[in-house]
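First up is the structure itself, then whatever we jot down about it.
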Amino acid sequence: MTVTRERLFWLFKSEPSCFSFDDLKARHNGTEHWDGVRNFQARNLLRDEIKPGDGVLFYHSNIPEPAIVGIAEVVSEGYPDWTALDPSAEHFDPRASRDNPVWYMVDVRYVRPLKRPVTLNEMKTHPELSGMVLLKRSRLSVQPVTHHEWEYILRLGGID
DNA sequence: GCCAACGTTGGC
DNA sequence: GCCAACGTTGGC
């Protein structure tokens, strides 16, 4: 018997100059592994908490107008981020090994863009969103989003 | 490009 | 195990 849990929601940050929402769309089946996360709190989420079927808000950071631009979906369990094992990879980590991967990732699949991006500035003006991790601990690159925040942002983004 | 916030490292 | 130094993130 399979035990399922309620669908959960997350926000993944990416610098569009490095990997944008359109880049995800262009991947085979719109699917790509979310590698390169090198923060332990985010690692724990990827390894233990984030499950197939969960919703992902795709956020563009480090640009003049940072914003949530689209929706993606988690399509794998967490599994070892093998880019940490590759000395030639940007996010190589000498501590990682096959026996002790240290870092984890999940696969995400493109779902749809928001009809209009929801900018960081706009989010700051909505009291309903004041509890968002994005506004309180902005540096965490993989972070939880409440169901209420998810619905609210989709509505702001023109999706019902 | 600046710099505040903050996570990580390493000496003690 | 504390905490200063350091490195990185990311808004501006």
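By convention in this document, chain letters (A, B, ...) are assigned in the order of the sequence lines, proteins followed by strands, and residues within each chain are numbered from 1. The structure presented is a predicted model; accordingly, all values stated were derived computationally and were not measured.
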Requested in this report: Using whole Å, report how far CG of A:Leu45 lies from C1' of B:dG7.
Outcome: 15 Å
**Report entry** Separation of C:dC12 P from A:Asn121 CG (nearest whole Å)
**Finding:** 6 Å
Report task. Decide whether A:Trp150 and A:Val106 are clustered together by the hydrophobic rule: side chain heavy atoms of Ile, Leu, Val, Met, Phe, Trp, Tyr closer than 4.5 Å, transitively. Result -> no
Requested in this report: Determine whether the side chains of A:Ser97 and A:Asn100 contain a donor N or O and an acceptor N or O closer than 3.5 Å.
Outcome: no
Requested in this report: Rounded off to whole Å, could you give me the CG-to-P distance for the A:Leu140 and B:dA5 pair?
Outcome: 18 Å
Requested in this report: Grab the CD-C1' distance between A:Glu15 and C:dG11 for me, whole Å please.
Outcome: 12 Å
Report summary line: Which of C:dG10, C:dC12, B:dC6 is nearest the side chain of A:Ser141? It is C:dG10
Query - Side chain of A:Lys13 (C-beta onward), nearest among C:dG11, C:dG10, B:dG7 - result: C:dG10
Report task. Grab the CG-C1' distance between A:Asn39 and B:dT8 for me, whole Å please. Result -> 10 Å
Query raised in the report: Using a cut-off of 4.0 Å on non-hydrogen atoms, how would the nucleic acid contact of A:Arg95 be classed: base, sugar-phosphate, or nothing?
Result: sugar-phosphate
Query raised in the report: Taking atom P of B:dC6 as reference, at what distance in whole Å does atom CG of A:Leu135 sit?
Result: 13 Å
Query raised in the report: So, are A:Arg47 and A:Asp81 salt-bridged, with charged N and O less than 4.0 Å apart?
Result: no
Query raised in the report: Of the candidate nucleotides B:dC6, C:dC12, C:dG10, which contains the atom at the shortest distance from the side chain of A:Arg139?
Result: B:dC6
Query raised in the report: Roughly, in whole Å, what's the span from CD in A:Gln143 to P in B:dG7?
Result: 12 Å
Report task. Find the distance between CZ (A:Phe12) and CD1 (A:Ile50) and round it off to the nearest 0.5 Å. Result -> 4.0 Å
Query - A:Arg137, nearest nucleotide to its side chain (from B:dC6, B:dG7, C:dC12) - result: B:dG7
Query - Interatomic distance where NZ belongs to A:Lys136 and P belongs to C:dG10 [whole Å] - result: 18 Å
